[in-house]
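Worth saying up front: this structure is predicted, and the values here are computed from it rather than measured. Proteins get letters first, then strands, A, B, ... in listed order; numbering begins at 1 in each.
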Amino acid sequence: MRSRLLLLLTVLLATVLLALGIPLATSQASTEQQRVVVDRIDDTARFASLAQFAAGLSPDGDGAADPLGTLQEELRRYHEVYGIKAGVFQRDGEPMAVAPVGWAAPRGEEDGDAFAEALAGRRSRGPGQVWPWDDERTLVVASPVIRDGDVIAVVVTESPTGPLRSRILSGWLPIGYGLAAAMLLALAAAHQLTGWILRPVRVLDRATHEISTGRMTARVAPGGGPPELKRLARSFNEMADHVEEILEQQRAFVADASHQLRNPLAALLLRIELLGLDLPEGSAEFASVQAEGKRLARVLDDLLDLALAEHTAADLRLTDVAALVAERIGSWRPVAGRGGVVLRQAGAGAVTGWADPVALSSALDAVIDNALKFTPFGGEVTVTVTAEGDRVTIETADTGRGLDDEELERIGDRFWRAGRHQNVAGSGLGLSIVHVLLAAGGATIAYAHNQPHGLRVLVSVPRHAPEVSPQRRPAPAAG
Amino acid sequence: MRLLLVEDDEHVAAALIAVLGRHGISVAHARGGEDALTRLRNGSFDVVLLDLTLPDLDGFEVCGRIRRLTSIPVIMVTARADVRSRIHGLNIGADDYVVKPYDTGELLARIHAVSRRKAAEEPERAEGPGGVLSLGPVTLEHASRQVTVDGERIALTRKEFDLLALLAHRPGVVFRREQIISDVWQTSWEGTGRTLEVHIASLRSKLRRPELVETVRGVGYRLALPPR
């Protein structure tokens, strides 16, 4: 949009400047030429008045006054001094006196017209405009020699156009400079204008991006820009407020619901316990009723966790991801050992990333828990930390049965659990909570197949703080 | 053991009173904060179970006022699971914090834990000079680990003595099996099999008064003696 706007403005301004500059340059050229033509006409008029007396005389007249010789001499000197070819020609085109010797009046289409016009008794009305790039052009000016009202001869001058052309060019130079300066000014103005128009758009874009990545508190600060965009920014803020409010209501509803359900559930569990006291020891039915009740309680806990995770602002800081992974693995090793699963860490030993350590720990807990849950006895779970570009990737690969493609697409959806895993303990919310926890810090989670079988969970964390961190906090004071 | 339950939800209260009753704990039920404070001023209790959402007063405030009144152990029982509420609750003077819905075993263990701490602080209650505990026909001497029944000394193994001492600590109160195993065998519930039953049977036969150690079906055991 910016380049298009800039291009449009530039083309418009350039057109305006050219529309002004071309006529100016043309009139400059024609003024220069006019001066030369007037000059030549004066010259030819003088020769014509000389030729008036010479015409009709034989070359060898009385020696005291030899008008033809004088004319010849004048023409020769004129040619010598100015380098302009000049000659007086009879009506039939026969030369009477020419310099240089042997020069014939050019009778081309255009120049011949000057000759013909002079024959008709008119002075040259002005030859066609000479342009700096017309290398071969000459300027032909003709005047009639009139005696007793008749045209008896024609004076023709043919001037080289070099000096004229260079004069036109040097006249054009200031015009060109002026145009270039005006163009630069116009470009700067266009740049400013597009910046002014697009600044609110950029701010809006950034805020939209932040909201779409989960930072619901992002808003557009009121600023400059066109009134329409200011109004758009205001509407955007209202919309964001509204969306945030709705999300907050939804979160509050989940929190309230899971909260309100606790009392009845507590009473139910107590009643179950009471019933159990009267049942014979080790009743399988009773044990499963109790287990169901406890599972319900865990789902409630998870729901509340999810609602809280959506609510909590991430406390982002530079975190040693590898150390964090090592710590989490240490905590899970006893559980893995009980299930006969080898849990190990691979990859880099010290990698820092930009993350909320608490959220990342919780996320890793859920991911490792998940991997251990679905890895059979004797299997292996490997957590690999790699730094690549500006992301740190934590890959958790297990050797369980894995998921098929369709299941791979659905994993992470709320309450979704693979059909054949319905009997494994869990609410199906763990990875959803992970997703929410990670999204708040700009981290992502992805899933892939592990070869030859199993699941790979890829948690990716940015290595550095984003350029403009909306939640920048002062670093905790040392010591 | 006397326990004050502060809970406005009738269903939860009724179920809890029934369960605690089965465990040999006598429960007084207060439906609000003021009620609870009045009862505390007038009666003596071993533990308070305090719900945080009360109709008349905020649970945290009730806890603070109980603290100014007495040093009785207070366990907050609430649906508020967030860490901030827990920290606030413990800071304001609660001895423990349990989130609903709770596991009954865990709740009982916590009740016993806080009341045990309280008992340790108090001047020796039933124990006479030299750590002697006299309960009806039974006399326990902690220092020399000797037990006499009806004036006659009986020889108990180490575990049998620990078992009897634990039950005698709170006569009438039912000790859950997992609790006894944790306390006497210093291990968690799993994998101990019938050890407890074997020791109980042996203890009964040595005491020559089988009715002293009473089995509460589905729960555990208690010393069937009126407290002093």
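- For B/Arg158, the CZ atom counts as loosely surrounded, since its 6.0 Å shell holds 12 or fewer non-hydrogen atoms of other residues, nucleotides or ligands.
- Among residues two or more places apart in sequence or in another chain, the salt bridge (charged side-chain N to carboxylate O under 4.0 Å, His left out) test is passed with B/Lys159 by none.
- Contacts of B/Arg65 classified as salt bridge (charged side-chain N to carboxylate O under 4.0 Å, His left out), with partners at least two apart in sequence or in another chain: B/Glu34, B/Glu61.
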Please tabulate, one pair per line, the donor and acceptor atoms of chain A and chain B that lie under 3.5 Å from each other, or say none if there are none.
{"from": "B/Arg22", "atom 1": "NH1", "to": "A/Asp278", "atom 2": "OD1", "distance (Å)": "3.2"}
{"from": "B/Arg22", "atom 1": "NH2", "to": "A/Asp278", "atom 2": "OD1", "distance (Å)": "2.8"}
{"from": "B/Ala79", "atom 1": "O", "to": "A/His259", "atom 2": "ND1", "distance (Å)": "3.4"}
{"from": "B/Lys100", "atom 1": "O", "to": "A/Arg262", "atom 2": "NH1", "distance (Å)": "2.5"}
{"from": "B/Lys100", "atom 1": "NZ", "to": "A/Asn263", "atom 2": "OD1", "distance (Å)": "2.3"}
{"from": "B/Asp103", "atom 1": "OD1", "to": "A/Lys294", "atom 2": "NZ", "distance (Å)": "2.6"}
{"from": "B/Thr104", "atom 1": "OG1", "to": "A/Glu273", "atom 2": "OE1", "distance (Å)": "3.3"}
{"from": "B/Arg176", "atom 1": "NH2", "to": "A/Glu273", "atom 2": "OE2", "distance (Å)": "3.4"}
{"from": "B/Arg177", "atom 1": "NH1", "to": "A/Glu281", "atom 2": "OE2", "distance (Å)": "3.2"}
{"from": "B/Arg217", "atom 1": "NH2", "to": "A/Asp278", "atom 2": "O", "distance (Å)": "3.2"}

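- With rounding to the nearest 0.5 angstrom, the CG atom of A/Leu274 is 10.0 Å from the CG atom of B/Leu16.
- Residues satisfying the side chain to side chain donor-acceptor pair (under 3.5 Å) criterion with B/Ser202, sequence neighbours excluded, are B/Glu160.
- Atom CD1 of B/Ile17 and atom CG of A/Leu270 lie 10.5 Å apart (nearest 0.5 Å).
- Of the two parts of B/Ala14, the backbone and the side chain both hold a non-hydrogen atom closer than 4.5 Å to a non-hydrogen atom of chain A.
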